[in-house]
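Just below is one structure, and these are the notes that go with it.
Everything quoted here is computed from the prediction, not taken from an experiment. Here is how names work: the chains are called A, B, and so on, in the same order as the sequence lines, proteins then strands, and each is numbered from 1.
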Number of protein chains: 2
Amino acid sequence: MAQSKKKAEKKEPKDEILKAALKLFTQKGYFNTSVADIRREADVSTGTIYHYFKNKEAIADALYQDIIASLNDSLKEIKNRTKNSFERLRAIVELFFALTEDASEVMGFIVLAHHQEFLPSEKPLSMSPPFLLLTEIMQEGIRSGELRRMDPVVANACFYGTLSRMIQLRLEDALEKPLDWYLLDTWTAIWKALSP
Amino acid sequence: MAQSKKKAEKKEPKDEILKAALKLFTQKGYFNTSVADIRREADVSTGTIYHYFKNKEAIADALYQDIIASLNDSLKEIKNRTKNSFERLRAIVELFFALTEDASEVMGFIVLAHHQEFLPSEKPLSMSPPFLLLTEIMQEGIRSGELRRMDPVVANACFYGTLSRMIQLRLEDALEKPLDWYLLDTWTAIWKALSP
DNA sequence: ATTAATAGATCGAATGTTCGCTCGATTTTA
DNA sequence: TAAAATCGAGCGAACATTCGATCTATTAAT
C-alpha cells in the first residue's frame with residue numbers, strides 16, 4: 001500500500017490542485033481566482049503548486065486538455081455504439097445533459113469559459129477534436145440523407161447552439177427543473193430543425 | 001459654434017473613452033485590458049478617465065447599460081412594426097445578423113462577454129429587458145398557436161441559442177461568408193424547430 | 001473691453017496594493 | 001543519503017486609483 005489511500009486520507013496534490021482550480025475557475029472565473037485562492041482551496045502551499053505546474057496558466061491548460069480529451073473519448077464511444085444520425089445526436093444531447101447535472105464544473109468550464117482569454121495560444125473550442133468530430137457526424141448525416149440538406153455550419157449552430165444554451169441556463173440556475181425534464185422538448189426541437 | 005466640431009477635431013472625451021473601452025474589451029477581454037490601454041487608445045490622460053468614470057468597472061457598466069437599452073428599443077420597435085411571430089422572430093434574426101456585421105464590437109460585448117465576471121452586481125443577460133421581451137414575444141406566439149406547443153424555455157434556447165452560435169462563429173472568424181449568406185438556412189432551421 | 005474670479009476639465013507623476021512567482025530551508029520518501 | 005516534495009516568507013512588476021498642479025472656459029465686476 002503505497003500512497004494511494006489508506007482510509008480517505010492522502011490524495012495526490014496535483015489532483016487536488018486541479019480540482020480546486022476547476023471549482024474556482026467555474027465559480028468566479030479565471031481572472032477572479034488568485035493562486036492564493038487555489039492554494040487555500042486545495043490545502044497545499046504555494047511551492048507545491050509551482051512544483052507541479054509551471055504557472056497559473058498551465059493549471060487552466062491542463063484542465064482544458066483533460067476535459068477536451070475525455071469529451072473526445074465519449075463522443076468516439078457514441079459514434080461506435082450507434083449507427084445513424086438520429087441515435088448519435090440524441091446520445092450526444094443525453095451525454096451533455098447528464099454531464100451538466102453530475103459534473104457541472106466540468107461543463108461550466110467547457111461551455112461557459114472563454115478559453116482564448118486566458119489560454120492565448122489555444123484554438124477556439126469549435127476547432128477542438130470533439131467538436132470537429134461532431135461536425136463530421138453531422139456532415140455524414142447530411143450526405144446520407146438522414147439530415148436535411150443544409151449548410152453544415154448552420155446545422156452545427158442549430159444543434160450545439162440550442163444544446164449549449166440549455167446548459168448555460170441550467171448552470172445560471174435559470175431553470176425550474178433539472179435538465180432531463182427538458183430533454184424531450186429539446187430533442188424534438190433539434191430534430192425538427194435538422195430532419196428532412 | 002461651441003465645441004461640437006469644427007472640421008473633425010474635438011470629440012467628447014467621455015465618448016472616446018467608451019469607444020476605446022468597447023474596442024479593447026471585445027478584442028482582448030475586460031481583464032486583459034488595463035486602464036492604461038484605454039487611456040492610450042482614447043488618447044486622454046488617466047485623470048480624464050477618472051473625471052468621467054468612478055473606476056474601470058463603471059466604464060464597462062456604462063457600455064453594458066447603453067447597449068442593453070438600445071437593444072431593447074430595437075426590439076420594441078420590431079414588436080410594434082410587425083404583427084405575428086413569424087415576422088417578429090425573423091426580424092430579430094435579421095437585426096442581430098446586421099448588427100454583427102456592422103457593429104461587431106457591440107455584438108461581441110453583448111453575446112460573448114461574461115458580464116457577471118466583471119459586473120458582479122448585474123443580473124444575467126437572460127434577465128435583462130430585451131431578453132425578457134423576447135421571451136414574451138415567444139410565449140405570445142405559443143399561446144396564439146403560431147408556434148408549436150413547447151416549453152418556452154426550450155423555445156427560447158432554440159431561437160437564441162442557434163442565433164448566438166452563428167454570431168459567435170462569425171465573430172471568431174470561423175465562417176467563410178458574411179452572416180447574411182447564412183440567413184435563409186438559419187431562419188429555416190429555427191422556424192422548423194418552432195412552428196407547429 | 002479688459003480684467004478678475006470661479007469652476008470645470010485635463011494632466012501625469014506618485015501611491016498603495018494585489019498578485020504571480022521565486023527560492024532557500026525543511027521534511028518526507030526511496 | 002540523495003532525490004523529490006513541501007513549505008511560506010519575500011520579491012518585483014503590474015495595475016487601479018489618487019491628488020495636487022495646470023490649463024481652459026464661463027461668468028462677474030469694473
Once you round it to whole Å, what is the distance between [atom2] of [N] and [atom1] of [X]?
X: R39(A); N: dT6(D); atom1: CZ; atom2: C1'; result: 12 Å
X: I38(B); N: dA14(D); atom1: CD1; atom2: C1'; result: 15 Å
X: K11(B); N: dT10(C); atom1: NZ; atom2: C1'; result: 18 Å
X: I49(A); N: dC19(C); atom1: CD1; atom2: P; result: 14 Å
X: Y52(B); N: dT10(C); atom1: OH; atom2: C1'; result: 9 Å
X: I17(B); N: dT10(C); atom1: CD1; atom2: C1'; result: 11 Å
X: D43(B); N: dC11(C); atom1: CG; atom2: C1'; result: 12 Å
X: F53(A); N: dT6(D); atom1: CZ; atom2: P; result: 12 Å

Within less than 4.0 Å of OP1 or OP2 of [N], is there a side-chain N or O belonging to [X]?
X: T48(B); N: dA9(C); answer: no
X: H51(A); N: dA5(D); answer: yes
X: S45(A); N: dG8(D); answer: no

Strictly below 4.0 Å, N to O, side chains only: are [X] and [Y] in salt-bridge contact?
X: R81(A); Y: E87(A); result: no
X: K79(B); Y: E140(B); result: yes
X: E117(B); Y: K28(A); result: no
X: E101(B); Y: R170(B); result: yes

Exercise for review: May I ask you to check whether F131(B) and Y160(B) place their ring centres under 6.0 Å from each other?
Suggested key: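 Centroid distance Y160(B)-F131(B): below 6.0 Å, so yes.
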
Check your understanding: Would a line drawn from the ring center of F86(B) to the ring center of W187(B) be shorter than 6.0 Å?
Key ->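 Ring centres of W187(B) and F86(B) closer than 6.0 Å.
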
Practice item. Please state whether the rings of H115(B) and Y64(B) are parallel, tilted or perpendicular, taking 30° and 60° as the class boundaries. Key: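 The arrangement is tilted - the two ring planes meet at 30° to 60°.
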
Below 3.5 Å is the cut-off: list the nitrogen or oxygen pairs between protein and nucleotides 20-25 of chain C, distance only.
unit_1, atom_1, unit_2, atom_2, d
dG20(C), OP1, K56(A), NZ, 3.2
dG20(C), OP2, V35(A), N, 2.8
dC21(C), OP2, Y50(A), OH, 3.0
dC21(C), OP2, K56(A), N, 2.9

